[in-house]
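Let me begin by handing over the structure; questions about it come next.
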Amino acid sequence: DVKVTQSSRYLVKRTGEKVFLECVQDMDHENMFWYRQDPGLGLRLIYFSYDVKMKEKGDIPEGYSVSREKKERFSLILESASTNQTSMYLCASSPGGYSNQPQHFGDGTRLSIL
Amino acid sequence: SQQGEEDPQALSIQEGENATMNCSYKTSINNLQWYRQNSGRGLVHLILIRSNEREKHSGRLRVTLDTSKKSSSLLITASRAADTASYFCATVAPLNSGYSTLTFGKGTMLLVSP
């Protein structure tokens, strides 16, 4: 069974801090994704990666960066956290190949920026 | 970029009743997927229906697809309190970068009361 593990369920940080959210998957998936989920806005894609060291911007990449140094790990970085980045962050992975493969999600990190 | 849109936004029923939620999308698809999200957790893939299929069953779930109307429906029969969750449809849509990836609707919140 695929397992996607996010490092923290809840996180509280202060404005201006550099914040790292970590995600690890154990199924050798090529694709990994970071979303944020806000009430009334649904899931919005921040970044995705289709291979080690490869990344592509999603719909809302501003204020975020990502790192994928190993296939199983995909990190989301908030360079200088702001209150409008308070949200639920979800990581997902899927096999390579077609972009319409089902995605497997972690349990999310609820991030509060004070 | 949002491809799918679920309807209704919220649905409240009693245990034992059937729940039907709908999804409309904009562009042609290879497949359409349905996911469930329990409160405070990640999304879980439920079922995938291909564009050449009209109906698919999985346990108490029944999904239909009408490509001429660009719509799908998810029927949960004999609902249980444990079915209380948000349900999302997902289809592939292009990003501004030119890549395509799954995009999710805003979801239908289902409440099943004992």
* Asked: Which heavy atom of A:Ile77 sits nearest a heavy atom of A:Lys18, and at what distance?
  ->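 Nearest pair, atom of A:Ile77 first, then A:Lys18: CG2-CE, 3.7 Å.
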* Asked: Who among B:Asn38, B:Leu48, B:Leu43 has the most heavy-atom pairs with chain A under 4.5 Å?
  -> B:Leu43
* Got a sec, which hydrophobics cluster with B:Leu61, joining ILVMFWY side chains under 4.5 Å apart, including via others? -> B:Leu11, B:Ile13, B:Met21, B:Tyr25, B:Ile29, B:Leu32, B:Trp34, B:Leu46, B:Ile47, B:Ile49, B:Val63, B:Leu65, B:Leu74, B:Ile76, B:Tyr87, B:Leu110, B:Val112
* Asked: In terms of side-chain geometry, is the basic nitrogen of A:Lys71 or A:Glu30 positioned less than 4.0 Å from the acidic oxygen of its partner?
  ->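 Judged by the 4.0 Å cut-off on N to carboxylate O distance, A:Lys71 and A:Glu30 do form a salt bridge.
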* Asked: Between A:Gly42, A:Cys91, A:Gly106, A:Pro102, which residue shows the highest count of heavy-atom pairs closer than 4.5 Å to chain B?
  -> A:Pro102
* Asked: Which answer fits B:Leu102, side chain, backbone, both or neither, if we ask what part of it has an atom under 4.5 Å from a heavy atom of chain A?
  ->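 For B:Leu102, backbone and side chain are both near chain A.
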* Any chance you could measure A:Arg36, atom CZ, to A:Thr86, atom OG1, to the nearest 0.5 Å? => 8.0 Å
* Structure fact -> Note: with side-chain heavy atoms under 4.5 Å as the link, the other cluster members for B:Leu75 come out as none
* Min side-chain heavy-atom separation B:Leu111-B:Met109 under 4.5 Å ->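 No, side chains not in contact.
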* In terms of heavy-atom proximity below 4.5 Å to chain B, should A:Gln103 be classed as side chain, backbone, both, or neither? ->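 For A:Gln103, the contact with chain B is made by backbone and side chain together.
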* **chain B contact via A:Gln37 - side chain, backbone, both or neither, heavy atoms under 4.5 Å** =>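 Answer is side chain: those atoms of A:Gln37 sit under 4.5 Å from chain B.
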* **Winner by heavy-atom pair count (cut-off under 4.5 Å) against chain A, out of B:Ala90, B:Gly40, B:Ser86, B:Gly107** => B:Gly40
* Which atoms of A:Arg9 approach chain B - backbone, side chain, both or neither, heavy atom under 4.5 Å ->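 Side chain of A:Arg9 only, per the 4.5 Å heavy-atom cut-off to chain B.
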* Under 4.5 Å from a heavy atom of chain A, the part of B:Gln9 involved ->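 Contact with chain A: none, neither part.
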